[in-house]
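This is a predicted model, so every value here is computed, not measured. Residue numbers start at 1 and run along the sequence shown.
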Amino acid sequence: MSAATPGPAPAVPVVAIDGPSGAGKGTVARLVATRLGWHWLDSGALYRVVGLVGRRHGLAPGDEAGHAELAGRIDIVFGGDAATDTVWADGADLSRELRTEEVGHLASAVAAQPRVRAALTGRQRAFRRLPGLVADGRDMGSAIFPDATLKVFLTATVAERAERRYKQLKDKGLGGSLADLSRDIEERDRRDAGRAASPLVRTDDALLVDSTGRSIEAVVAEVLELAAARGLQAAAR
Ligand code: C5P
């Protein structure tokens with residue numbers, strides 16, 4: 001009698017939330033993950049860590065090989081669950097510095113380097129664990145999890161995104177003028193959508209959600225409804 005062969009591994013469902021900077025992806029993804037009791041991947045934080053640690057190591061922004069090497073070996077640990085957004089890199093808590101506009105720009109520069117993206121691909125896929133994953137970024141639905149059960153393209157007008165960023169930075173005691181933030185957001189949009197390596201795109205199968213003029217709660221509720229319509233349920237607790 002032959003031993004029973006194990007069946008196929010259960011598919012781990014993924015909700016991919018992509019969109020431009022400041023559309024509310026991080027907050028929405030974190031809350032959706034918390035409500036579902038699923039894991040959360042803030043993929044932008046990985047690019048931010050690589051940009052920041054690269055600068056601390058004295059790498060030139062265009063040093064693709066150097067950044068790719070770092071991307072493959074930095075020990076990156078996220079806070080225990082989806083309710084926190086603490087990020088440690090090689091044992092140092094970088095959470096606060098990671099969120100600055102300056103580091104956003106460093107991240108956007110290294111994110112255009114194909115070898116850095118390649119080095120982070122497997123690391124991002126490793127977050128896909130039961131009971132499910134909510135992943136936010138620019139290429140979650142297009143490149144990292146093309147088989148995601150639900151793909152959302154979350155957007156908002158530039159004016160609203162700049163306004164939100166301004167408030168966020170102010171709440172954290174960080175500076176920035178509204179005009180500078182609008183310009184930065186437009187520049188980052190152009191760079192993210194215009195690069196050759198995994199540009200920000202809305203895939204044909206991504207559902208458009210516009211957060212302009214809406215509360216976070218309303219957007220979270222909409223994403224949860226879309227998830228429920230795909231048969232995605234909260235994990236049993
Ligand atoms: O989402 P966040 O603002 O933290 O991302 C920082 C930068 O990292 C983005 O401007 C983008 O250039 C890059 N990024 C990316 N692909 C992702 C997530 C972020 O290219 N999946």
Item to check | Expected output: side-chain S211 to main-chain A156 donor-acceptor under 3.5 Å | outcome: no

Item to check | Heavy-atom closest pair, residues L130 and H39 | outcome: O-NE2, 3.1 Å

Next on the checklist: Side-chain heavy atoms nearer than 4.5 Å, only ILVMFWY residues, links allowed to pass through others: does that put L169 and I185 together?
Outcome noted: no

Checklist entry - Does the distance from a Lys or Arg side-chain N to an Asp or Glu carboxylate O, for R56 and D90, drop under 4.0 Å? => result no

Next on the checklist: Do I144 and V14 make a side-chain contact, defined as non-hydrogen atoms from C-beta onward lying under 4.5 Å apart?
Outcome noted: no

Checklist entry - Could you state the interatomic distance from OG (S108) to CZ (R138), rounded to the nearest 0.5 Å? => result 8.0 Å

Checklist entry - Between atom CE of M140 and atom CZ of F153, what is the distance when rounded to the nearest 0.5 Å? => result 13.0 Å

Next on the checklist: On a heavy-atom basis, which atom in A112 and which in P114 lie closest, and how many Å separate them?
Outcome noted: O-CD, 3.3 Å

Next on the checklist: Among V49, L94, D75, V77, which residue satisfies the side-chain contact (heavy atoms from CB on, under 4.5 Å) criterion with W88?
Outcome noted: V77

Would you give me the side-chain donor-acceptor pairs under 3.5 Å for residues 217-226, sequence neighbours excluded?
{"unit_1": "E217", "atom_1": "OE2", "unit_2": "R35", "atom_2": "NH2", "d": "2.9"}
{"unit_1": "E222", "atom_1": "OE1", "unit_2": "R214", "atom_2": "NH1", "d": "2.8"}
{"unit_1": "E222", "atom_1": "OE1", "unit_2": "R214", "atom_2": "NH2", "d": "2.8"}

Next on the checklist: Measuring from atom CZ of R55 to atom CD of E97, what distance do you get when rounded to the nearest 0.5 angstrom?
Outcome noted: 6.5 Å

Item to check | Validation row: R48, V87 side chains within 4.5 angstrom (heavy atoms) | outcome: no

Checklist outcome for this item: Scanning both residues in full, the closest heavy-atom pair of S182 with V158 reads O-CG1, 4.1 Å

Checklist entry - So if you build clusters from Ile, Leu, Val, Met, Phe, Trp, Tyr with side-chain heavy-atom gaps below 4.5 Å, do L120 and V103 land together? => result yes

Checklist entry - Are L207 and V28 linked, directly or through other ILVMFWY residues, by side chains that come within less than 4.5 angstrom of each other? => result yes

Item to check | Sub-4.5 Å side-chain heavy-atom contact between D180 and E101 | outcome: no

Checklist entry - salt bridge (charged side-chain N to carboxylate O under 4.0 Å, His left out) between R99 and D171: does it pass, once the steps are laid out? => result CA-CA 12 Å; R99 299 290 151 212; D171 289 348; over 6 Å; no

Next on the checklist: Does this structure show an ion pair linking D139 with R117, if we count only N-O contacts that are shorter than 4.0 Å?
Outcome noted: yes

Item to check | H57 side, atom NE2; L52 side, atom CG - distance, nearest 0.5 Å | outcome: 10.5 Å

Checklist entry - Is the shortest heavy-atom distance from the side chain of S142 to the side chain of K151 under 4.5 Å? => result no

Checklist entry - Shortest non-hydrogen contact from R164 to G22? => result NH1-O, 3.4 Å

Item to check | D42 side, atom CG; Q124 side, atom CD - distance, nearest 0.5 Å | outcome: 10.0 Å

Item to check | R191 bridged to E187 by N-O distance under 4.0 Å | outcome: yes

Checklist entry - Is the shortest heavy-atom distance from the side chain of L41 to the side chain of L46 under 4.5 Å? => result yes

Checklist entry - Does F127 reach the side chain of S43, with side-chain heavy atoms less than 4.5 Å apart? => result no

Checklist outcome for this item: Smallest heavy-atom separation, V50 atom then L70 atom, equals O-CD1, 4.4 Å

Checklist entry - Using a distance-only test with no angle check, is there a side-chain donor-acceptor pair under 3.5 angstrom linking D136 and W40? => result yes

Item to check | Partner set under ring-ring contact (aromatic ring centres under 6.0 Å, His included) for Y166, not counting sequence neighbours | outcome: none

Next on the checklist: I need the minimum non-hydrogen distance between S21 and D192, along with the two atoms involved.
Outcome noted: OG-OD2, 4.4 Å

Checklist outcome for this item: So CD of E69 and CG of L59: to nearest 0.5 Å the spacing works out to 8.5 Å

